[in-house]
Protein chains: 2
Amino acid sequence: MTLKELAKALGISPTTVSRALNGFPEVSEETRKKVQAAADAYGYRPNMRARSLATGRAMAIGHVIPVSSEHEMMNPVFSDFISGAGEIYAANGYDMLISIVPDAEQERAYKEFRTKGTVDGIIVHAPRAGDRRIHLLNQVGLPFIVHGRASDADESYSWVDMNNLRAFQRATDFLIDLGHRRIALINGLEDMDFAIRRRAGFEASLEHAGITPCPDMMFSREMTEQYGHDTTQTLLALPEPPTAILASSIIPGIGIRRALSEAGLVLGRDVSVIIHDDDLSYLPNGREEPQFTATRASVREAGKRAASMLIDRIESPSPEPRAEMIEAELILGASTGPAPNLSLKTSEIT
Amino acid sequence: MTLKELAKALGISPTTVSRALNGFPEVSEETRKKVQAAADAYGYRPNMRARSLATGRAMAIGHVIPVSSEHEMMNPVFSDFISGAGEIYAANGYDMLISIVPDAEQERAYKEFRTKGTVDGIIVHAPRAGDRRIHLLNQVGLPFIVHGRASDADESYSWVDMNNLRAFQRATDFLIDLGHRRIALINGLEDMDFAIRRRAGFEASLEHAGITPCPDMMFSREMTEQYGHDTTQTLLALPEPPTAILASSIIPGIGIRRALSEAGLVLGRDVSVIIHDDDLSYLPNGREEPQFTATRASVREAGKRAASMLIDRIESPSPEPRAEMIEAELILGASTGPAPNLSLKTSEIT
DNA sequence: CACGCGTTTCAAACCGGTTTGAGATTTTTG
DNA sequence: CAAAAATCTCAAACCGGTTTGAAACGCGTG
């Protein structure tokens, strides 16, 4: 059923049908009702291809997932982010287009997005330090929102980010307050912007407390369970092992827990652990009784915010970029406690 | 830059330009070269909206992710599946459209896909027992592939599935061969087709060995870490706790491991565990030294197969459906060993 | 009754490609 | 060398909507 057929069936012109269905004021209430009823009866749906060709709007938003040749791991955070974003898109009539683009072809991919006209805007995932994509997209002239930031990009752009620096600074402060002095950082890949900021927060807190960050206790790799496990083994073998560990995600956190229990150590007593919790739906840290003490910020919520912001920019374009910072909350779980030597003192007192 | 502008710049007709770029035989090699060079120089890309309006092909494939109101968890398997599928799409010039559709709106969503013309085919995720969607899509007449099967659908359709029954039967056989008699099953939600088949395989193996499946040792819930942990605690508190556990995914497997270590039990000695490993990129079970003994089948590979199959059906339609079964391999890890009483005997011998 | 005004409807152009059917040109053949 | 066949190119129609500019209509007013 096309619009023209519908018009013929009703005995009126396609113009009037189009206007009636799209709520234009110059059509009488009476005919609008008639047209709407007929459209419902025939189950008429406008063909999006034709409509978007005519209007110039694709009613779709693109997500570009960069995949580097060496680390072809899927970002574990991705599925929850798009589930949040997808909810907003659905509510506003947008489709979601996902492109998995090898690093080498990023440039081509973005330019094509523009000329192919398949999307009205783009969400940029996993920005790196000094990401070229932001420059590229500003040139291309397609509205976009970055999930995260690109540390040393001097151009302006819109973004939604979690306050990585602050979250890791607070977590480190908290461990220091508990008496910990030797604290290890199990971070993500440090060419990723978020990892750089997390490390900066960690170091800032240590330095503020007069502790010199020790390079032997800072790690930067793809965030797997194995990585958390093996790194913890390495740490425990040090002459002076750390009394606390800060981990960039719950996934290495699980590996840390495994290594500790293999070594016969008790999590939260012998070694304290704080993780960053993205509140992934398939790996919940626990609502009532969190397993790990954590800095928590829902990545699904970030998806929602980014999506709303992008739709906003598409529907009412404005030159000045917008930004939104999400603060993580510190959640107390069973994985932290006073530093071992202090706890000794406490037990002497009681 | 539109095709018409390009044609004008070259001084030839749009027809010829279109044919030259699309490799039609009725244009001379000489003009083709000239046109191609000019297109490259100007960076011309055909507008997909216009093209697909004219050709009737959207060059896009839709993935419908059902999200039920109660369990709004994102399927952890999803991101790896689409990463596999996305690779195939990119290689064949297709885009990937993702719709997150609440259970209640499935019907509307599929019908709209047809009339809106945004996709050429659909991949159906997470089929339930007797899923209505298959009937619906057969009616709608859009090519589709199901990832999994719908147990009691009497209609024919194309699918790609892992041999869930066989995998779980083999895993159970293996445990029985090791001397285990009391084996627990920590399964996914049993309105999902895959969980039904896994349970069937489990029960078939037990019955074949003359063991009556015990309902107290079979669980069916959303596959979280917490679920694995809590269920294991429950199992250990039984008067006769199981000596082996079969788990539907690595995620509850991690929870099982945690509960065992909390109880002071050694994985693979006191209690044996076999998981099903979807080979998720962000939760690898380990290639050289698998943590868990597992039935392994890459869900990314399933994504690739489903995508190729769908593109095939779109480009050369045929009435008879196709199907592809993926066999899981049994991987030996450190999480299994002889049943405790047997191992006692063995130690007496040595 | 002629006129002006606001309301409602419509034919035609347009979005940017593909495709048909015919015309122009070149090559082959009798 | 003329006729037939093969090769190349093009104008125009089409895909299914939206949008422009004009026409038709109803109504109150001078």
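Note on naming: letters A, B, ... go to the chains in the order of the sequence lines (proteins, then strands), and numbering restarts at 1 for each one.
Base contact: A:Ser18 has a heavy atom under 4.0 Å from a base atom. The residue B:Ser52 sits apart from the nucleic acid: no heavy atom pair falls under 4.0 Å. Across all strands shown, B:Ser28 has heavy atoms under 4.0 Å from sugar-phosphate atoms exclusively, and none from any base.
A residue-by-residue look at B:Arg51 and A:Ser13 shows that A:Ser13 has its nearest nucleotide of DNA chain C further toward the 5' end. Two residues, A:Tyr44 and B:Val27, neighbour DNA chain D, and the one matched to the more 5' nucleotide by heavy-atom proximity is B:Val27.
Atom P of nucleotide C:dG17 and atom NZ of B:Lys8 are separated by 13 Å, given to the nearest angstrom. Between the C1' atom of D:dG16 and the CZ atom of B:Arg114 lies a distance of 15 Å, rounded to the nearest Å. Look at CG on A:Leu3: it is 9 Å from C1' on D:dT18, rounded to the nearest Å. To the nearest angstrom, C1' of C:dT18 lies 12 Å from CD of B:Glu26. Rounded to a whole Å, the CZ atom of B:Arg19 is 15 Å from the P atom of D:dT7. Rounded to an integer number of Å, the gap from CZ of B:Phe24 to P of C:dG17 is 15 Å. The nearest whole Å value for the distance from the CG atom in A:Leu53 to the P atom in D:dT18 is 11 Å. Between the CE atom of B:Met1 and the C1' atom of C:dG17 there is a distance of 15 Å, given to the nearest Å.
Distance from the side chain of A:Ala50 is smallest for D:dG17 among the nucleotides C:dT18, C:dC15, D:dG17. The side chain of B:Lys4 has C:dG17 as its nearest neighbour among D:dT18, D:dG21, C:dG17. Distance from the side chain of B:Ala54 is smallest to D:dC15 among D:dC15, C:dC15, D:dG17. If you check C:dG17, D:dT18, D:dG16 against the side chain of B:Asn47, the one that comes closest is C:dG17.
For A:Thr16 and C:dT9, the shortest distance from a side-chain N or O to OP1 or OP2 is not below 4.0 Å. Contact annotation: A:Arg49 does not reach the phosphate of D:dG16 (side-chain N/O to OP1 or OP2, under 4.0 Å). In this structure, A:Thr31 reaches the C:dT9 phosphate: one of its side-chain N or O atoms is under 4.0 Å from OP1 or OP2.
Checked against the 6.0 Å centroid threshold, B:His125 and B:Phe81 count as a close aromatic pair.
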Before giving the answer on ring pair (Phe, Tyr, Trp, His ring centres under 6.0 Å), spell out for B:Phe194 and B:His147 the whole-Å C-alpha distance, their side-chain angles and the decisive distance to 0.1 Å.
CA-CA 10 Å; B:Phe194 77 89; B:His147 177 213; 9.4 Å; no
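Side-chain contact check for B:Ser52 and B:Arg57: no donor-acceptor pair (N or O, by modelled atom type) lies under 3.5 Å. Under the 3.5 Å distance criterion, with hydrogens and angles disregarded, no donor-acceptor pair is assigned to the side chains of B:Ser18 and B:Thr15.
Under 3.5 Å, the side chain of A:Thr15 and the base of D:dT19 form at least one donor-acceptor pair of N or O atoms.
A salt bridge links B:Asp312 with B:Arg322: at least one charged nitrogen is closer than 4.0 Å to a carboxylate oxygen. The existence of a salt bridge linking B:Glu30 and B:Lys34 is excluded, since no basic side-chain nitrogen approaches an acidic carboxylate oxygen closer than 4.0 Å.
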